[in-house]
Structures are given as structure tokens and as C-alpha cells.
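Below: one structure, written as C-alpha cells.
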Amino acid sequence: MKRRKLTRFLSGVMAVAMIGSLAACGGGDTGTTTSDSGAAAESTGDSTADNGASTAPVSALSEIPINEPGTDATGHEGEQAPEGIQEGTTFTYWTNYEIPLYAPWMDNRAAVLSYQIYANLLVKYKGNGEDIRCDIAEDYEVSEDGLTWTFHIRDDAKFSDGCAVEASDFVATWDVMQTYQPRPFSSVESYEAVDEHTLVVHLSAPNPTFIYELPTQRIYGVVCQDELAKYGPEDNRSAVGAGPYTVEEYVSGERYILKAVPDYWNADHQAHIETVELEIISDENTALMGLMDGSIDCMNTVDIEIMNNAVDNGMTLALIEDRINPYWLNAQQVEVLRDPVVREALCHMINWEEVSALVYDGLYPVGNSYFTGPEAPEFSDKHTYDPDLGIQMLEDAGYALEDIQFVILGDPDFTNMNVAITSQLNNLGLTGITTETYDGATCYGMLKSGTYDCFPVHNGYDPESPLTPFTMGLIEGGTQPCMFLKACDEEAYNEAVEIYNAAAASSTLKEFQANMTELENIVQEQCLALGGLQVIRGYIFADNIRGAYISKTSAELQMSFLYVAE
């Protein structure tokens with residue numbers, strides 16, 4: 001089966017939704033780069049840090065480049081993976097939070113499980129957004145007007161219980177998904193199962209990012225409709241996916257045990273390691289000790305000290321470029337934040353360069369936008385660091401500095417950064433600003449309910465699907481509210497909604513990009529967030545692990561490619 005390699009949306013070469021009669025996994029000349037085997041070009045260079053993993057000794061994080069998407073983060077790109085499952089092998093992975101319900105529509109934090117136990121129509125091969133391949137879909141076509149996508153389901157695709165995957169399973173899954181996670185459906189008008197192996201999706205307008213959203217994300221994978229009907233959407237027994245692993249055991253507060261599906265229907269994703277254990281350990285230092293004593297094979301962290309310890313101990317470390325984390329101000333919760341003067345003044349009062357240097361040894365780049373990607377508009381002078389100006393603005397508006405009161409919320413990953421920001425503001429006289437840390441599950445619940453004052457939220461900022469953060473964070477009823485423009489300026493909010501709708505209905509890529517730029521500028525000019533840093537995430541591996549392919553931005557690991565070196 002041929003597979004077509006598609007270039008990344010905002011790289012300037014892709015306009016997939018605007019091209020008629022696209023046969024993405026079978027024939028058809030679309031003008032995109034193709035490959036007979038479908039494989040992305042692989043570097044077979046030496047085992048140095050060329051791809052971002054420190055296999056050769058390094059003395060500092062600054063010596064490790066960022067890992068390239070589609071390359072082995074363990075630094076062993078080009079080595080031959082084994083055939084089939086390596087019997088008796090185990091990969092133990094650390095996670096610091098529990099996922100009580102892991103049906104694909106329940107909890108975005110379940111991605112560490114979802115990428116392993118679910119499959120979908122398309123997939124970013126080895127986490128590379130420039131290499132979109134068919135997965136459950138055998139091939140597909142797009143109509144001339146870009147509104148109708150017809151997916152042909154493989155006749156050999158199976159769920160982990162052995163049942164065949166049919167088009168009607170997608171209909172049943174998506175019917176539930178729209179209730180819990182509506183954001184991937186912003187441009188979907190309808191969908192139908194024409195027969196067992198044909199799924200037709202009708203869009204309300206051509207969508208240049210559709211290929212990256214609903215079909216490709218394993219986090220939103222398809223489930224077996226029979227089990228869904230039997231157990232309902234909020235029961236793990238309905239989480240029967242078609243991925244290369246299946247959940248064998250879940251011990252609350254302790255671990256998840258996944259087993260490789262033997263003779264998996266998609267040979268390109270047949271798991272090699274037989275058992276994956278996800279160990280729930282709340283403390284990162286404890287997890288690092290587990291790596292050192294061999295009880296854990298991999299962990300990921302945003303903590304600079306953990307990364308430095310890994311380097312000091314000669315461990316294999318890869319650096320992954322993650323998202324920008326803006327600190328969103330909740331004007332719905334905090335009345336004083338409804339004043340645009342206050343919001344702009346606060347933006348002038350944080351020295352992000354100093355925060356990065358103090359907390360992350362300068363490793364975290366300072367964001368010049370709330371958004372990630374080459375098309376994102378840069379900040380205006382409203383975000384320039386000028387604390388004297390910020391203080392003067394507050395005093396001219398009649399505010400005493402101690403009158404500005406709110407709490408910066410954070411999970412343990414960002415405690416140190418929150419403390420640094422709070423300290424800067426306190427030292428400038430804003431002593432009413434404090435910070436609190438809660439566990440990840442509590443923070444996620446507060447995010448979904450909008451019950452926080454200020455919170456660093458990346459909210460899905462990905463250059464491949466730039467409309468997503470507005471679907472989740474701006475539009476009323478969004479699953480992760482964070483922008484709160486309506487509470488700040490209802491007229492500006494109505495304008496933003498009009499632009500959002502225009503972006504969703506754009507008929508050309510150029511028009512879409514223009515609408516996105518305008519929408520992003522409104523949010524930034526309103527100073528709805530304090531700014532932020534771009535997260536650089538570190539993955540640390542045991543020496544015998546190979547085949548670690550990690551997505552840029554989402555930083556998710558596709559474990560089916562992992563194997564244990566002989």
C-alpha cells in the first residue's frame with residue numbers, strides 16, 4: 001500500500017484541503033512529496049547528538065540540540081528494529097498523575113495511554129507532522145471543493161478484542177466525542193457510514209488543518225461501538241481501541257500495565273516490547289533514582305535540575321521542543337483584570353529573560369507570541385518589559401499596587417517558575433499577587449471549570465492546527481476556557497467570534513492564515529495573558545532502549561516503535 005508524505009501545514013507548502021480529488025494513501029498527483037515506501041528520510045549518521053539525544057558524553061544541556069521529529073530520541077537512528085514482539089521484554093515508563101478514565105474523550109492528559117491503545121484514520125508516522133500516513137484508513141479522497149472527505153477503512157483493521165473496525169464505529173465514537181471534546185469538530189457538518197468500509201465526512205467549509213485534527217490524533221481514537229453501547233462513555237470497559245497495545249491491568253494510584261497486541265493488523269506499528277508498565281510516581285526525583293537503579297526505563301521532565309542531574313550522570317537525554325505556555329488572566333474570576341490598563345501594566349512588569357535564566361538556566365526560550373509557529377504574529381510594544389511604565393500606568397489609573405490581587409495557579413511542573421514570577425511582581429510592590437501549587441488532576445479540573453485566577457495554559461497551541469486554542473479557550477462552551485475576552489470587552493469578543501467563524505469558513509489557505517493572524521492579534525493586543533516561555537521537555541532513557549519517536553509540540557511518545565537493544 002502506497003502512502004503519501006504530506007508537508008506540514010504552515011511550512012508554506014501544504015494546501016491539502018484546497019486540492020480536489022486527493023488520494024492521500026493511494027494514487028493521485030497532488031504536488032506533494034511522495035515516497036514509494038512512504039518512509040520519511042532517515043539519517044544514518046553517527047550516534048552523536050545530531051538529532052538531539054546525548055549518546056556521546058556531554059557536560060552541559062547547552063551541548064544538546066533539540067531533537068528532530070521523526071528521528072530516534074535515544075540517539076540511535078538507523079539501527080535495525082527487530083521483527084515482531086520481543087518476548088519477555090518490559091518497558092517501564094514514569095508518569096506523575098493518574099488517569100482514572102481513559103476513554104479517548106474523557107481526559108486530554110490520557111495521551112500517554114491513548115497513543116498506545118487507540119488508532120485512527122491517519123497517523124503522524126513516528127510523531128512527524130511532515131509524514132502523515134494512512135492507519136485505519138486504507139486510502140481517502142477529497143472532493144474538488146474540499147468539503148467532502150471519503151475514507152476507505154481497511155478490511156483487516158481490528159480492535160483489541162478481535163472485532164473488525166467498521167465505519168459505523170467511527171460514527172458511534174464521534175457522536176460521543178462531540179459531547180465531551182467538541183473542538184475537533186469545529187468545521188465538521190456531518191458524517192456517515194455509507195457501508196462497512198466507507199466513511200464520509202462533510203465539512204462546512206474547506207479546512208486546511210482538518211488532516212491534522214480529527215483523523216490523525218490517536219488521542220481521539222476510535223472505540224468499539226458494541227462495548228460503548230454496553231458500558232457507556234464513562235466506563236473504562238468501553239475504551240476498547242484498535243491500537244498496538246491494550247490495557248491489561250490498572251491498579252489505582254500505582255500503575256497501568258499494557259500488553260502488545262500479537263500479530264497486529266498494521267505491521268508498520270506492530271509493538272516490539274511485550275509489556276509496558278506506566279508507574280505512577282508523584283515525585284520526579286524518586287523517578288530519576290528509579291532510572292539510576294534500573295527500575296524505570298524512561299521519564300520526561302520540564303525540570304532543569306532533573307535534566308542537569310541526568311547529564312551529570314551520563315544518562316541518555318533528548319530535548320523536545322514543546323509549546324509556549326502563556327499565563328492567562330481570568331477576568332471572569334478577578335474583577336480588576338477586566339481593566340485593560342491593569343492587564344497591559346502587568347505584561348510590562350515581568351522580565352521573562354530573567355525568569356528563564358533563573359529557573360531554567362536560559363534553556364527555555366522567551367516567547368514572542370502567545371502562539372507557536374512561524375505564522376504566529378509577534379507581540380506589540382504592549383508586552384515590552386518596562387516595569388517603571390507598568391507601575392506608572394497603574395498609578396495613573398488610580399490603583400494602589402497592593403490593590404492588584406490574584407493567585408497564580410500551577411501544577412508541580414511549574415512551581416519554580418510561578419515563584420519566580422510572583423517574586424518579581426512582589427518586589428515591584430504588587431504584594432497582593434501570590435502563587436499556589438496543586439496536583440495535576442486538581443489543576444486540570446480547575447482549568448476545565450474556569451475556576452482559577454491566572455494559570456499557565458498551552459491549550460493545544462500547535463502550528464498545524466492554530467484554530468484549536470480558540471475552539472477550546474475562547475468560544476463559549478469551550479472545553480478549556482482560558483482567554484475570557486468576553487468578560488474583558490464584549491465588543492472585541494464578538495469581533496473575535498466573527499473572525500473565528502470566518503477562519504473556519506476560509507476557502508483558501510491564504511485567507512485562513514490572514515484570519516488567524518487577525519484573531520491572534522486581537523487576543524494579544526487585549527493582553528489576555530502575561531506572556532510566557534517556550535517549554536523544552538527532557539526525555540531520559542535507559543541505555544538499552546531504542547526507537548523512541550516523540551512528537552514535536554505535543555511531546556508524545558509512540559511506544560510501538562520502542563525495542564530493547566540486544
Side-chain angles (χ1 to χ4, degrees), residues 6-20 22 30-32 129-130 132 142-147 149 183-189 203-214 216 323-324 326 328 367-383 458-476 478 482-483 485-486 488-529 531-532 534 553:
L6 298 179
T7 54
R8 183 169 160 185
F9 159 55
L10 286 179
S11 65
V13 255
M14 184 194 124
V16 60
M18 311 309 161
I19 299 173
L22 172 64
T30 68
T32 53
E130 296 186 3
I132 304 295
V142 183
S143 62
E144 291 284 348
D145 59 9
L147 297 178
W149 296 57
R183 72 176 176 91
F185 296 88
S186 60
S187 62
V188 176
E189 189 170 88
L203 304 184
S204 57
N207 181 354
T209 70
F210 181 67
I211 194 171
Y212 293 105
E213 294 170 356
L214 177 61
T216 61
R323 303 174 176 95
I324 292 172
W328 294 100
N368 62 356
S369 171
Y370 296 164
F371 307 98
T372 304
E375 299 291 334
E378 295 187 2
F379 285 140
S380 70
D381 290 343
K382 289 185 177 182
H383 292 81
H458 60 66
N459 211 345
Y461 305 132
D462 190 329
E464 295 166 354
S465 52
L467 200 59
T468 293
F470 297 95
T471 309
M472 297 175 69
L474 177 71
I475 303 303
E476 288 192 281
C482 68
M483 298 182 188
L485 180 56
K486 190 172 185 178
C488 297
D489 185 331
E490 188 163 2
E491 183 177 345
Y493 173 78
N494 292 333
E495 180 185 359
V497 171
E498 287 183 13
I499 298 171
Y500 172 91
N501 292 333
S506 299
S507 59
T508 66
L509 183 61
K510 183 177 180 180
E511 181 184 350
F512 178 82
Q513 291 176 339
N515 283 320
M516 287 310 310
T517 298
E518 191 173 356
L519 184 57
E520 291 172 354
N521 264 330
I522 285 179
V523 170
Q524 295 191 153
E525 285 300 293
Q526 285 279 343
C527 296
L528 299 186
Q534 182 166 15
T553 307

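In this chain, numbering begins with 1 at the start of the sequence shown.
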(message) Could you report the tightest heavy-atom contact between A503 and M516, atom names first, then the distance?
(response) CB-SD, 4.1 Å
(request) Could you list the residues that satisfy side-chain contact (heavy atoms from CB on, under 4.5 Å) with F379, not counting sequence neighbours? (result) Y370, H383, Q524
(request) Begin from the C-alpha positions of L528 and W328 and carry the test side-chain contact (heavy atoms from CB on, under 4.5 Å) through to its verdict. (result) CA-CA 6 Å; L528 299 186; W328 294 100; 3.7 Å; yes
(request) Starting at CD1 of I475, measure out to CG of N501 and round the result to the nearest 0.5 Å. (result) 6.5 Å
(message) Working note: Y493 + M483, criterion side-chain contact (heavy atoms from CB on, under 4.5 Å); need CA distance, chi angles, decisive distance, verdict.
(response) CA-CA 10 Å; Y493 173 78; M483 298 182 188; over 6 Å; no
(message) Checking side chain to side chain contact (heavy atoms under 4.5 Å, CB included) between I522 and each of L474, T517, I499, which is the one that passes?
(response) I499
(message) Could you measure the distance from the OG atom of S465 to the CD1 atom of I211? Nearest 0.5 Å is fine.
(response) 12.5 Å
(request) State, with a plain yes or no, whether a side-chain heavy atom of P466 is found less than 4.5 Å away from one of F512. (result) yes
(request) State, to 0.1 Å, how close N521 and P377 come at their nearest heavy-atom pair, and which atoms those are. (result) OD1-CB, 3.5 Å
(message) Do V188 and S204 make a side-chain contact, defined as non-hydrogen atoms from C-beta onward lying under 4.5 Å apart?
(response) no
(request) Would you tell me whether T372 and Q534 have side-chain atoms, one donor and one acceptor, within less than 3.5 Å of each other? (result) no
(message) Show every salt bridge (Lys or Arg N to Asp or Glu O under 4.0 Å) that has at least one partner inside residues 488-505, sequence neighbours left out.
(response) none
(request) List the atom of A496, the atom of L519, and the distance in Å for their closest heavy-atom pair. (result) O-CD1, 3.4 Å
(request) Heavy atoms only: give me the nearest A505-A205 pair and the separation to one decimal. (result) CA-CB, 3.1 Å
(message) Checking T471 against Y500 for the side-chain contact (heavy atoms from CB on, under 4.5 Å) test, could you report, in this order, the C-alpha distance in whole Å, the side-chain angles of both residues, the deciding distance, and whether it holds?
(response) CA-CA 9 Å; T471 309; Y500 172 91; 2.8 Å; yes
(request) First locate atom CD of E525, then atom CD of E518, and finally report the distance between them rounded to the nearest 0.5 Å. (result) 12.0 Å
